[in-house]
Amino acid sequence: MTVLSDTRVLGSNSNDAAAASSLGTTARVWEALRAVRDPELDTDVVSLDFVASVEVSDTGVAHVSLRLPTYFCAPNFAFLMVADAHDVVSAAEGVSRADVVLIDHFASDAINTGVAARAGFVSSMAGTEVGEAVAELDELRRTFTERALMAGTDLVVRPLMRQGATPEQVAAMTLGEVPPSDDLRRLRARRRELGIPSEDTDPLVVDPTGRTVGVDALPLHLRKARSYQVGVDANTSICRGQLAARYGV
């Protein structure tokens, strides 16, 4: 079996068509993994360098290894990332089967076995040395998506106010009135994930339930949004430093 990673140079005895197909699939797998986020950091696992390797066989089996900054990173977050990675890699064009594993983690055996079996978090942890899980992770995912919405609001609104927008203007502003940016696109995406309208005519500043934030409540809301973004920045910096110390990346 020929296995090609994203860095391997084809040998002279490789089948050119199969090799080209495998390399194309490898690129698509890498791109698919950009849809997988660390829930706490709201950043994709590729940008965070959490993807240790991607290899695709000549039969389309995609082998993906994920790694985290420490041996004891929270198993619930780890499970979400491995499960999400399995889903997006399985759906990538050219992939016949996804083999996604977490390496160098105290709960890797339980997580890898559970994800491969398409079991939930509770079932995956049951009877393991990791400990019993009391609930699935849907609520956890929503909680951190709501925090990402708040942090994203800070990233979009703060530049507007630095440029002179008043609280009254911000409170009345719609999404379509904000200059396009990556931060605005991400904010729209988090709103869609939470079921909050995100069209051009929808209000810019809403709370995590989708309610419009009026001018009177705006200052406190924006202070909370800023605190969430500061937390994301701090945790991201810590995780990047830990990953670099652990793996020399």
Side-chain angles (χ1 to χ4, degrees), residues 32-48 50 66 68-69 72-91 100 102 105 107 110-111 114-115 117-126 130-157 175 182-199 202-214 217-218 220-236 238-239:
L33 287 167
R34 291 190 179 277
V36 179
R37 306 193 311 270
D38 180 308
E40 186 177 22
L41 307 181
D42 195 36
T43 302
D44 71 88
V45 295
V46 175
S47 298
L48 290 168
F50 288 177
L66 301 180
L68 296 175
F72 290 106
C73 284
N76 47 9
F77 291 148
F79 187 92
L80 282 175
M81 285 184 273
V82 176
D84 289 351
H86 187 282
D87 289 344
V88 300
V89 171
S90 296
V100 181
L102 177 65
H105 188 273
I111 290 171
V115 169
R118 313 309 294 141
F121 184 63
V122 173
S123 295
S124 299
M125 297 300 110
V130 180
E132 299 294 322
V134 298
E136 294 299 339
L137 302 177
D138 293 341
E139 189 62 33
L140 178 74
R141 188 193 294 275
R142 182 173 182 88
T143 295
F144 278 89
T145 304
E146 290 177 351
R147 294 183 183 184
L149 170 71
M150 293 291 288
T153 298
D154 173 70
L155 291 175
V156 171
V157 172
L175 289 168
D182 287 342
D183 289 329
L184 180 61
R185 284 189 288 274
R186 184 164 66 171
L187 179 62
R188 286 182 189 260
R190 300 301 170 265
R191 287 172 64 144
R192 288 192 293 269
E193 290 172 22
L194 293 169
I196 297 173
S198 58
E199 301 302 321
D202 293 313
L204 168 62
V205 184
V206 297
D207 69 16
T209 69
R211 289 189 297 242
T212 302
V213 176
L218 186 68
L220 177 58
H221 185 82
L222 294 181
R223 285 198 295 273
K224 289 181 178 179
R226 181 61 184 151
S227 71
Y228 280 117
Q229 183 55 40
V230 169
V232 169
D233 288 341
N235 288 333
T236 300
I238 291 170
C239 285

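- The two residues Ala83 and Arg118 have their closest heavy-atom pair at O-NH2, 4.5 Å.
- The side-chain contact (heavy atoms from CB on, under 4.5 Å) test with Leu41 singles out one residue from Leu48, Asp233, Ile238, and that residue is Leu48.
- Remark: the backbone N or O of Asp42 is not paired with any side-chain donor or acceptor of Arg37 at under 3.5 angstrom.
- In this structure, the separation between CZ on Phe79 and CD on Glu136 is 7.0 Å, given to the nearest 0.5 Å.
- Between the side chain of Asp84 and the main chain of Met81, no donor-acceptor pair closer than 3.5 Å is present.
- Rounding to the nearest 0.5 angstrom, the gap separating the CD1 atom in Ile111 from the CG atom in Leu80 is 9.5 Å.
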Can you list the steps and then say if Asp44 with Val36 is a side-chain contact (heavy atoms from CB on, under 4.5 Å)?
-> CA-CA 5 Å; Asp44 71 88; Val36 179; over 6 Å; no

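- Here the side chains of Asp38 and Thr43 are not in contact, with every heavy-atom distance at 4.5 Å or above.
- Across every non-hydrogen atom of Ser198 and Arg192, the tightest pair is OG-CG, 3.1 Å.
- Partner of Asp154 under the salt bridge (Lys or Arg N to Asp or Glu O under 4.0 Å) criterion, out of Arg186, Arg226, Arg223: Arg226 alone.
- Between Phe50 atom CZ and Leu102 atom CG the span is 10.5 Å, to the nearest 0.5 Å.
- Residues Tyr228 and Arg147 share a closest heavy-atom pair of CE2-CG, 3.6 Å.
- A 4.5 Å side-chain heavy-atom check between Val213 and Leu222 finds every atom pair outside the cut-off.
- Atom CZ of Arg34 is surrounded by more than 12 heavy atoms from other residues, nucleotides or ligands within 6.0 Å.
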Could you walk me through whether Leu140 and Phe77 pass the side-chain contact (heavy atoms from CB on, under 4.5 Å) test, one step at a time?
-> CA-CA 9 Å; Leu140 178 74; Phe77 291 148; 3.7 Å; yes

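- The residues Glu193 and Arg190 are annotated as salt-bridged, a charged nitrogen and a carboxylate oxygen being separated by less than 4.0 angstrom.
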From CA spacing to verdict: side-chain contact (heavy atoms from CB on, under 4.5 Å), Val232, Glu40 = CA-CA 7 Å; Val232 169; Glu40 186 177 22; over 6 Å; no

Could you walk me through whether Leu175 and Glu199 pass side-chain contact (heavy atoms from CB on, under 4.5 Å), step by step?
-> CA-CA 7 Å; Leu175 289 168; Glu199 301 302 321; over 6 Å; no

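- The shortest side-chain heavy-atom distance between Leu155 and Leu187 does not fall under the 4.5 Å cut-off.
- Shown here for Ala85 and Leu66, the closest heavy-atom pair between the two residues is CB-CD1, 4.0 Å.
- Using a 4.5 Å heavy-atom threshold, the side chains of Met150 and Pro208 count as touching.
- Heavy-atom minimum distance, Ala110 versus Ser124: CB-O, 3.8 Å.
- Contact record, Val134 with Val122: C-CG2, 4.2 Å, taken as the closest heavy-atom pair.
- Checking side-chain atoms of His221 against main-chain N and O of Asp207 turns up no donor-acceptor pair under 3.5 Å.
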